[in-house]
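Bear in mind the structure is a predicted one, so any value in this text is a computation, not a measurement.
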Number of protein chains: 2
Amino acid sequence: MTTAINHILVVEDEQHIRRFVRTALESEAYQVTEAGTCTQGLQDIRTQRLDMLILDLGLPDGDGVQLIQTLRTWSKLPVLVLSARSADQDKIKALDAGADDYLSKPFSTGELLARVRALLRRSQFNPETASPLIHFGDIEVDLSQRQVRRRGEAVRITPIEFHLLSLLLLNAGRVMTHRHLLREVWGSTYVESNHYLRVYVGHLRQKLEDDPSQPRHLLTETGIGYRFQL
Amino acid sequence: MTTAINHILVVEDEQHIRRFVRTALESEAYQVTEAGTCTQGLQDIRTQRLDMLILDLGLPDGDGVQLIQTLRTWSKLPVLVLSARSADQDKIKALDAGADDYLSKPFSTGELLARVRALLRRSQFNPETASPLIHFGDIEVDLSQRQVRRRGEAVRITPIEFHLLSLLLLNAGRVMTHRHLLREVWGSTYVESNHYLRVYVGHLRQKLEDDPSQPRHLLTETGIGYRFQL
DNA sequence: GGTGGGCGTGGCGATTCCGTGAACCCATGC
DNA sequence: GCATGGGTTCACGGAATCGCCACGCCCACC
């Protein structure tokens with residue numbers, strides 16, 4: 001199956017709505033992460049590569065509007081608000097805080113998905129949200145566009161290679177354990193297949209390192225895992 | 001956010017709603033132009049420098065959804081839809097045709113303005129750079145006129161081919177997933193029919209590439225989709 | 001009623017990607 | 001020196017994906 005490139009974070013405390021939204025999104029092959037609280041949500045936003053945030057306003061541990069405002073001080077991540085309230089003032093406050101769309105409950109799967117598509121479509125036109133370029137050596141990586149360049153020339157990257165690379169880049173400087181990488185890329189049944197990693201790390205070194213036998217960026221942490229040094 | 005004055009076109013046939021919307025917008029110092037019909041609206045879009053379109057779906061002389069679709073073949077102008085209908089299917093159709101937001105009547109001034117602000121904020125749409133002519137290789141494409149030329153000679157392009165081409169061109173440089181292209185061109189029930197794409201991408205290569213077997217512009221991203229390189 | 005263009009669909013060879021085993025390298029410790 | 005464990009590289013078969021050709025249907029237009 002085709003790799004989902006759109007990653008959506010759903011912040012919602014009510015269990016059943018969360019499941020409802022997740023199911024809807026997954027049926028369209030989006031990658032979904034869930035959070036139940038503001039704090040957890042912010043945590044996820046900081047650590048994950050996301051394309052969109054779906055946020056319920058009525059969270060137990062804090063004000064959703066507040067969260068949007070904080071978020072907007074450093075990110076343009078598209079935000080779709082869900083809310084039980086349908087009063088004008090609520091909508092206006094949320095939208096002016098920086099939300100991009102506001103959907104009152106109850107809502108249908110169809111409308112939710114259509115609004116998600118519209119939002120993703122629009123935000124992907126926007127070059128500023130889209131391109132946190134990552135540089136190292138003579139390589140340039142654009143994660144949101146799934147592109148890798150070496151001295152300006154496009155480098156061919158397979159889906160698995162790209163998945164692995166983006167994990168390492170998003171956690172640049174940190175050690176990523178074998179198990180963690182394997183679980184993310186191949187799934188939890190492969191956490192012991194260290195061999196896969198060796199092979200694909202090898203591929204990436206061939207494509208990215210000046211001297212693949214003397215890697216300067218994609219480093220191995222013997223007995224632990226790998227680390228990416230920008 | 002304080003740049004040039006934003007110019008908004010309101011296409012709406014009912015006199016009193018038009019006045020209502022105009023008054024609201026002008027109270028926020030937007031420059032407003034009005035049109036009462038689809039034809040007039042399209043005319044204005046082609047000739048004026050606009051930042052946004054507010055469109056009523058129930059126009060006497062034609063289908064609003066149709067208008068959005070045509071518009072989207074050559075422009076990314078932000079579109080906010082107003083409609084008396086609030087059924088899911090209407091919303092979905094409009095949003096998937098390319099609208100950016102959908103507001104059901106009756107609506108309040110406050111919400112309308114908040115949504116306009118959100119939309120303008122999100123899409124720093126630059127009408128100057130939206131040139132209708134696109135060049136690559138020895139090909140010239142005029143999206144608004146629906147014409148393709150190769151070394152000056154007209155190239156025959158079927159409706160589906162053109163639709164596909166305009167999507168790729170409007171997102172030149174980006175990877176477009178199979179699903180996304182299929183949904184836009186064939187509709188959401190065909191998101192898994194990758195086969196269609198292979199065939200039509202093939203057709204386009206035959207017509208546009210110097211050496212169709214070694215494409216330089218219409219590139220495949222194995223396992224993901226296609227990308228157009230200008 | 002014939003003709004032709006556009007479209008959907010099936011099929012098949014070619015290409016690319018992936019999993020896996022085997023060989024090799026190298027540091028460490030006995 | 002030699003065994004061991006981890007790391008790297010290579011090679012190859014199977015699977016998935018892709019490009020391309022061909023056929024038949026539909027419909028618009030003679």
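Using cut-offs of 30° and 60° on the angle between ring planes, the pair A:Phe228 and A:Phe136 is perpendicular.
Between A:Arg22 and A:Glu26, at least one side-chain nitrogen of the basic residue sits less than 4.0 Å from a carboxylate oxygen of the acidic one, meeting the salt-bridge criterion.
Between A:Leu204 atom CG and C:dC18 atom P the separation is 11 Å, expressed in whole Å. When the C1' atom of D:dA16 is taken as reference, atom CD of B:Glu192 falls 15 Å away, rounded to whole Å. Rounded to an integer number of Å, the gap from CD1 of B:Ile157 to P of C:dC7 is 11 Å. Computed from coordinates, the A:Leu182 CG to C:dC18 C1' distance equals 15 Å when rounded to whole Å. We find that CD of B:Glu161 is positioned 10 Å from C1' of C:dC7, with the value rounded to whole Å. At whole-Å resolution of the value, CZ in A:Arg156 and P in C:dT16 are 6 Å apart. At whole-Å resolution of the value, NZ in B:Lys207 and C1' in D:dC20 are 15 Å apart. Distance B:Glu221 CD to C:dT16 P: 13 Å, rounded to the nearest Å.
Contacts of A:Val201 with the nucleic acid, taken as non-hydrogen atoms under 4.0 Å apart, are absent. Here B:Phe162 lies out of heavy-atom contact (under 4.0 Å) with every strand. Looking at heavy-atom distances under 4.0 Å, A:Tyr190 makes no contact with the nucleic acid at all.
Phosphate contact (OP1/OP2 of D:dT8, side-chain N/O of A:Arg198, threshold under 4.0 Å): absent. For B:Trp186 and C:dG8, the shortest distance from a side-chain N or O to OP1 or OP2 is below 4.0 Å. In this structure, B:Tyr200 reaches the C:dG8 phosphate: one of its side-chain N or O atoms is under 4.0 Å from OP1 or OP2. Between C:dC7 and B:Thr158, a contact under 4.0 Å exists linking OP1 or OP2 to a side-chain N or O.
Considering only the side chain of A:Val199, D:dT9 comes nearest among D:dC18, D:dG19, D:dT9.
A donor-acceptor contact under 3.5 Å is formed by the side chain of A:His195 with the base of C:dG21. The base of C:dG6 lies outside donor-acceptor range of the side chain of B:His203, with no N or O pair under 3.5 Å.
Using modelled atom types, one finds no donor on one side chain facing an acceptor on the other under 3.5 Å when comparing B:Asp13 with B:Thr37.
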- Task: Could you walk me through whether B:Arg150 and B:Glu140 pass the salt bridge (Lys or Arg N to Asp or Glu O under 4.0 Å) test, one step at a time?
- Result: CA-CA 6 Å; B:Arg150 177 164 199 167; B:Glu140 176 185 293; over 6 Å; no
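Atoms CG and CG, on B:Asp100 and B:Leu80 in that order, are 8.5 Å from each other to the nearest 0.5 Å.
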